[in-house]
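The structure appears right after this line, and notes come after that.
Side chains included, hydrogens not; waters and symmetry mates left out as well; all remaining heavy atoms used. Protein chains get the first letters and strands the later ones, always in sequence-line order, with residue 1 at the start of each.
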Amino acid sequence: MKARTRFAPSPTGELHIGGVRTALFSWLLARHTGGEFFIRIEDTDQDRYVPGATRRILEAFDWLGLTLDGGPDHEELRSMKTNEDYPGALDDGEYRGVPGPFVQSHRLHLYKQWAEWLVEHGYAYRANETPEELARMREEAQARKQTFVFREEMRLRTDVRPDEPHVIRMRVLPREGRTEFDDLIRGRLSFDNSQIDDQVLLKADGFPTYHLAVVVDDHLQGVTHVLRGDDWLSSAPKHVLLYRYFGWQEPKWAHLPNVLGTDGKKLSKRHGAQSVFEFRDQGYIPEALINFLALLGWAPGGGDEQNVFTIEELIARFSIEGIGSSPAIFDYNKLDWLNGVHIRRLSDEDLARRLVPFLERAGIPIDTAERFEKLLRITPHIKERIKKLTDAAPFVDFIFGEIETPPPEALIGPKMDRESAIGALQATIKLVRAFEPFEDQPLEQAMRQLCADLGLKPTQLFSLVRNAVSGKSVTPPLFATMAVLGRGTCLVRLERALDRLLRAES
RNA sequence: GCCCCCAUCGUCUAGUGGUCAGGACGCAGCCCUUUCAAGGCUGAAACACGGGUUCGAGUCCCGUUGGGGGCACCA
């Protein structure tokens, strides 16, 4: 069955990592079944609306590589500053049959129309209690230790005219009994109707609440599977009831378990990165983030113990049956590991390109073809040494900039003295000055021979040279590094180190 | 308070009545090794508790405990 799914964020801020997981599962389902996936912007709360948030959400999807088949996916839309800029004219059916608009504030007439339909058919009624009055009623209910559930007979004014400000509330019917439905992840669910509120569907400002808007839109837009966070579970019966009132076919429901922070509480700021862009800026790559998020609540099952997946493999393997029902804790350790794994799978060229902005941010501009060439040459050697793109800078900074000549202590290796260090350095300089070809392997061979000649262990000679040439004790493999550095730079640094040693007190 | 959901190593999980309860991250040790990594091998580490059902329960049922979510003219 081809699934048509959607992700329906409200433009109130940055795309949260938990939201990305929900979107990913919906996206995977659509891709796995050869169906369609689109984004719908739920901007029905005028107070919480953040201009530009829609653009940021779209950018996040671009970065993640989650492609869209319908909804705002055009250049014009990506560049829109506010949802008011949304060009509804693009809704001409070119989105593979998913009808727009895809921004709810542009669909107000539809919600109004269907809310009125419910009133006409006895499934909803008008009310105009003020927020203050409702708050009072709530307090009273609480004083009696009861759950507050609004009912028609609780209205303070029953003569609400259509032309005065009012809301439209759904009538929960029947009053007794239970509302049941199936959830793909939880199985059969059952809620007591007496506990379901006569929810406001259309607000006094003419905007719908979420409950009306999702149902109307999901139906009109042909959504087959509603994947959403666990937190919607308790309002699901309201939506089920609405589908039944309208006589529309229910979509399949799938309420995903929450993603929790390390302390088992809902993921929030204090747990570290939260928005997609924070992860991106911290050096995570989308391949890893997607792999990690997929594994958070989903497993291939069937005895398959694979952990590392490409996006294509995920599409091929994904199924709703593989989604677990218990909440998952976000494990940054595993994310780091996966990020390293996926970095190692990148081609040198690709990795080098992705590294550029991070190096520039670290004060290492890669602004010439020559510098990029150097980066490209060292990239295979740092590939397996970094977990995040931000880890690269300390491995390459000495290649692109000046270094401080290390102090004698750093040059004289274990079980060596000043004299032997000086001798070793002089011999190395002599070798480096004339050696051909100045490349990784040959250089290593020659230097190993030098070790033997000098009666030094590789560790002793190499760490001395490493320090002299890079100014640090941890670097990518020494000879590849020297080759990239170039004979000239190596000589200058070796000589400065020698000079430093010669001047040191003995 | 009421309603709903959840429960296997520290974490992500496999398991669909009979398994030495498997894998992955992390952790420890060993190997490899010019540093740091990566890689390989080994190890420690779990069925929340109590009742049932059954010849036999991690697997089915009930309860307890614990955790999470919801109870808006917010999504």
Side-chain angles (χ1 to χ4, degrees), chain A residues 8-10 12 42-45 47-48 127-131 134-135 138 141-142 144-149 165-169 183 185-186 189-192 194-197 199-205 207-211 213-214 229-237 255 257-258 260 262 264-266 292 295-308 324-338 340-341 344 381-387 391 394-395 444 447-448 451 457-467 470 472-479:
Chain A
S10 47
T12 52
E42 311 221 321
D43 60 338
T44 56
D45 185 350
D47 295 334
R48 296 203 307 155
N128 69 355
E129 282 63 40
T130 65
L134 287 167
R138 244 174 237 116
Q142 188 154 22
R144 290 194 309 271
K145 299 205 177 225
Q146 286 177 340
T147 309
F148 177 68
V149 174
H166 66 281
V167 302
I168 291 179
R169 286 181 180 271
D183 183 279
I185 295 172
R186 323 267 162 184
L189 264 14
S190 173
F191 293 81
D192 190 336
S194 68
Q195 298 291 323
I196 306 173
D197 190 44
Q199 182 64 236
V200 170
L201 298 178
L202 202 66
K203 303 186 246 183
D205 64 1
F207 278 70
T209 57
Y210 171 85
H211 310 283
V214 253
D230 215 346
D231 37 341
W232 288 111
L233 202 55
S234 37
S235 42
H255 289 90
N258 276 136
L260 275 22
T262 333
K265 302 271 188 257
K266 209 172 172 183
F292 174 74
L295 255 26
L296 212 55
W298 173 86
D304 190 323
E305 287 168 343
Q306 186 173 349
N307 279 281
V308 180
S325 51
S326 47
I329 290 172
F330 197 103
D331 181 3
Y332 291 89
N333 260 330
K334 189 160 185 178
L335 208 212
D336 283 357
W337 169 73
L338 267 176
V341 170
R344 270 170 255 135
H381 302 104
I382 62 174
K383 203 182 239 179
E384 62 203 23
R385 294 180 162 70
I386 61 174
K387 282 193 159 84
D391 296 338
F395 281 115
E444 174 170 355
M447 286 294 283
R448 281 190 187 283
C451 285
K457 288 185 174 146
T459 320
Q460 295 175 304
L461 209 218
F462 296 173
S463 69
L464 161 55
V465 175
R466 168 177 287 108
N467 270 286
S470 71
K472 39 180 83 184
S473 54
V474 174
T475 70
L478 182 56
F479 306 106

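At least one donor-acceptor pair under 3.5 Å links the side chain of A/N307 to the backbone N or O of A/E305. Under a 3.5 Å cut-off, the side chain of A/R186 and the backbone N or O of A/H255 do form a donor-acceptor pair. Between the side chain of A/D205 and the main chain of A/F207, a donor-acceptor pair closer than 3.5 Å is present.
Out of B/rC5, B/rC12, B/rA38, the shortest distance to the side chain of A/E384 is found at B/rA38. Residue A/S326 places its side chain closer to B/rA7 than to any other of B/rA7, B/rC2, B/rC36.
The residue A/A204 sits close to a base: some heavy atom pair falls under 4.0 Å. No engagement by A/P394 is indicated, since no non-hydrogen atom pair under 4.0 Å with the nucleic acid exists. A/Q146 comes within 4.0 angstrom of nothing in the nucleic acid, heavy atoms only. Nucleic acid contact class of A/V200 (heavy atoms, under 4.0 Å, all strands): sugar-phosphate only. Contacts of A/G297 with the nucleic acid, taken as non-hydrogen atoms under 4.0 Å apart, involve only primed sugar atoms and P, OP1 or OP2. A/F191 comes within 4.0 angstrom of the backbone, heavy atoms only, and of no base. Counting non-hydrogen atoms under 4.0 angstrom, A/S10 reaches the backbone sugars and phosphates but no base. A/I196 comes within contact range of no nucleotide atom at all, as no heavy-atom separation falls under 4.0 Å. Using a 4.0 Å heavy-atom criterion, one finds that A/G302 contacts the sugar-phosphate atoms exclusively. At a threshold of 4.0 angstrom between heavy atoms, the contacts of A/S190 are confined to the sugar-phosphate backbone, with no base atom among them.
Remark: the separation of the C1' atoms in B/rG18 and B/rA37 is 46 Å, to the nearest Å. Annotation: B/rG67 and B/rA24 have their C1' atoms spaced 24 Å apart (nearest Å). The separation of B/rG58 from B/rA48, taken at their C1' atoms, amounts to 12 Å, rounded to a whole angstrom. Distance noted for atom C1' between B/rC62 and B/rU53: 11 Å (whole Å). B/rC5 and B/rC61 have their P atoms separated by 13 Å, given to the nearest Å. Comparing the P positions of B/rG50 and B/rC74 gives an interatomic distance of 48 Å, to the nearest angstrom. Comparing B/rG43 with B/rC9, their C1' atoms sit 14 Å apart, to the nearest whole Å. Taking the C1' atom of each, B/rG39 and B/rU65 are spaced 45 Å apart, rounded to whole Å.
Inter-residue side-chain proximity for A/V465 and A/M447 is flagged as met; some heavy-atom pair is nearer than 4.5 Å. Residues A/T44 and A/T209 have side chains not in contact (no heavy-atom distance under 4.5 Å, counting atoms from C-beta outward). The shortest distance between side-chain heavy atoms of A/E42 and A/P208 does not fall below 4.5 Å. Between A/R169 and A/D197, the closest side-chain pair of non-hydrogen atoms falls below 4.5 Å.
Remark on RNA chain B: of its neighbouring residues A/L233 and A/I329, the 5'-side contact belongs to A/L233, judged by nearest-heavy-atom nucleotide. Map A/K203 and A/W298 each onto its nearest nucleotide of RNA chain B; the residue landing nearer the 5' end is A/W298.
One finds a side-chain N or O of A/R344 lying less than 4.0 angstrom from the OP1 or OP2 phosphate oxygen of B/rG39. Taking side-chain N and O atoms only, A/K383 has no distance below 4.0 Å to OP1 or OP2 of B/rA37. One finds no side-chain N or O of A/K145 lying less than 4.0 angstrom from the OP1 or OP2 phosphate oxygen of B/rC71. At least one side-chain nitrogen or oxygen of A/S325 sits closer than 4.0 Å to the OP1 or OP2 atom of B/rA7. Note on A/T44: a side-chain N or O is less than 4.0 Å away from OP1 or OP2 of B/rA75. The phosphate of B/rG69 has neither OP1 nor OP2 within less than 4.0 Å of any side-chain N or O from A/R186.
Rounded to a whole Å, the CG atom of A/L202 is 12 Å from the P atom of B/rA75. We find that CG of A/D192 is positioned 8 Å from P of B/rC4, with the value rounded to whole Å. Following rounding to the nearest Å, A/N258 (CG) and B/rG67 (P) show an atom-to-atom distance of 16 Å. In this structure, A/Y210 atom OH and B/rG70 atom P are separated by 13 Å, rounded to whole Å. What separates CD of A/Q195 from P of B/rA72 is a distance of 12 Å, to the nearest Å. The interatomic distance linking A/E129 (CD) with B/rA72 (P) rounds to 15 Å, in whole Å. Distance, A/M447 CE to B/rU35 P: 14 Å, rounded to whole Å. The distance between atom CG of A/D304 and atom P of B/rU13, rounded to the nearest whole Å, is 15 Å.
Judged purely by distance below 3.5 Å, without hydrogens or angles, the side chains of A/T475 and A/R466 pair a donor atom with an acceptor atom.
With a cut-off of 3.5 Å on both pairing distances, the Watson-Crick or G-U wobble partner of B/rG1 is B/rC71. Across all strands shown, B/rU34 remains unpaired; no Watson-Crick or G-U wobble contact has both distances below 3.5 Å. Using N1 to N3 plus N6-O4 or O6-N4 for Watson-Crick, or N1-O2 and O6-N3 for G-U wobble, each under 3.5 Å, B/rA48 pairs with B/rU64. The partner of B/rC27 is B/rG43, by the rule that a Watson-Crick or G-U pair needs both atom distances under 3.5 Å. When Watson-Crick and G-U wobble pairs are counted only if both distances are under 3.5 Å, B/rU59 pairs with no nucleotide at all.
Side-chain atoms of A/R385 come within donor-acceptor range of the base of B/rC36, with a qualifying N/O pair under 3.5 Å.
Heavy-atom contacts from other residues, nucleotides or ligands closer than 6.0 Å to NZ of A/K472 number more than 12. Counting heavy atoms of neighbouring residues, nucleotides and ligands inside a 6.0 Å radius, atom CD of A/Q146 exceeds 12 of them.
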Requested in this report: Determine, for nucleotides 23-34 of chain B in 5'-to-3' order, which nucleotides have protein heavy atoms under 4.0 Å from the base (write B), from only the sugar-phosphate (write S), or from neither (write -).
Outcome: SBBS-------B
Query raised in the report: Under the side chain to side chain contact (heavy atoms under 4.5 Å, CB included) criterion, do A/K334 and A/F292 qualify, and how do the steps go?
Result: CA-CA 8 Å; A/K334 189 160 185 178; A/F292 174 74; 4.0 Å; yes
